[in-house]
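Taking it in order: structure first as structure tokens, then the write-up.
Order of appearance sets the numbers: ligands from 1, and atoms from 1 within every ligand.
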Amino acid sequence: MYVQIFDKKEEACQASFELFKEELDANPQAVFGLATGSTPEVLYQLLSESDLDFSQATGLNLDEYFGLTADHPQSYAFFMQDHLYKNKPFKNKYIPDGSNPDVNIETARYNKIIADHPVDLQILGIGANAHIGFNEPGTSFDSKTHLVDLTDSTIQANKRFFESEDEVPTQAYSMGIQSIMQAKKIILMAFGPTKAKAVRDMIEGPVTEDVPASILQKHPHVYLFIDKEAASLLNN
Ligand code: PGA
């Protein structure tokens, strides 16, 4: 794992931006694995304001709330449109369909999309419980796309985006850990003190399904771009 610690999250997002640019310059048809949440917001802003041309590229998202339609303001489809796609048209945009109640059909559909579009560069955040995507602690490292029961800590962390806790969906479709690990390169960004324990466990702890992000120790091309607060519990 290549770990770089930055004073500010803006600098970490700039470093991620440079890797996106490099990937796109090398291959205009690259497949970018995309994440939502607060962590990648500045990166998406930098991409939006740049002159990069994604019109031949593919964006493929990690996850989506179960039960929300793409036009729901808290859906991740809406987030992607608002933060990136409205400024940067991509050739293909894929995200699980949260409004599809048929779990077997939806997970099979998304697994086929992932198989047909191998990810070149994946961007990840990390949960305070070390989840990646919505793969909560205990998820099998062999998992593919699945329907997840969100943990209470994830619901608590995400309720800030909703009017009340009751409105936070309790389930989500998520790309599985096996699929995330198939990306050729991965960038994980983490900012702020609430991520410090997860970051330490990911980097310095054992590889265990109790700490989903710890599997990244086994990936050959991982960049961890983190700020000082998220790095504050690291020993080395
Ligand atoms: P955040 O979420 O970027 O909103 O902190 C990250 C995650 O839960 O993976």
[X]: numbered ligand 1 atoms lying under 4.0 Å from its heavy atoms:
X	result
Thr39	1 (P), 3 (O), 5 (O)
Gly37	3 (O), 4 (O)
Arg160	4 (O)
Ser38	1 (P), 3 (O), 4 (O)
Gly125	9 (O)

Heteroatom proximity flag, Lys195 to ligand 1, N/O under 3.5 Å: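 Yes, there is a polar N/O contact under 3.5 Å.
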Residues Glu23 and Lys185 bridged, charged N to O under 4.0 Å: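 Yes, Glu23 and Lys185 are salt-bridged.
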Short N-O contact, Lys9 and Asp227, less than 4.0 angstrom: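 The answer is no: the pair does not qualify as a salt bridge.
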Heavy-atom check, side chain of Glu10 versus side chain of Leu46, under 4.5 Å: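 No - every pair of side-chain heavy atoms lies 4.5 Å or more apart.
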Heavy-atom gap His131 to ligand 1 smaller than 4.0 Å: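 His131: in contact with ligand 1 (<4.0 Å).
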Residue, atom name and distance, where the atom is the protein heavy atom closest to atom 6 (C) of ligand 1: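 Nearest neighbour among protein heavy atoms for atom 6 (C) of ligand 1, to 0.1 Å: Ile126 O, 3.6 Å.
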Atom NZ of Lys228: over 12 foreign heavy atoms under 6.0 Å: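 Atom NZ in Lys228 is not packed in, count stays at 12 or less.
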Qualifying residue for side chain to side chain contact (heavy atoms under 4.5 Å, CB included) with Ile186, from Met1, His221, Gln122: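 By the side chain to side chain contact (heavy atoms under 4.5 Å, CB included) criterion, Ile186 pairs with just one of Met1, His221, Gln122: Gln122.
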Parallel, tilted or perpendicular: rings of Tyr2 and Phe225 (30°, 60°):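 If you compare the ring of Phe225 with that of Tyr2, the planes turn out perpendicular.
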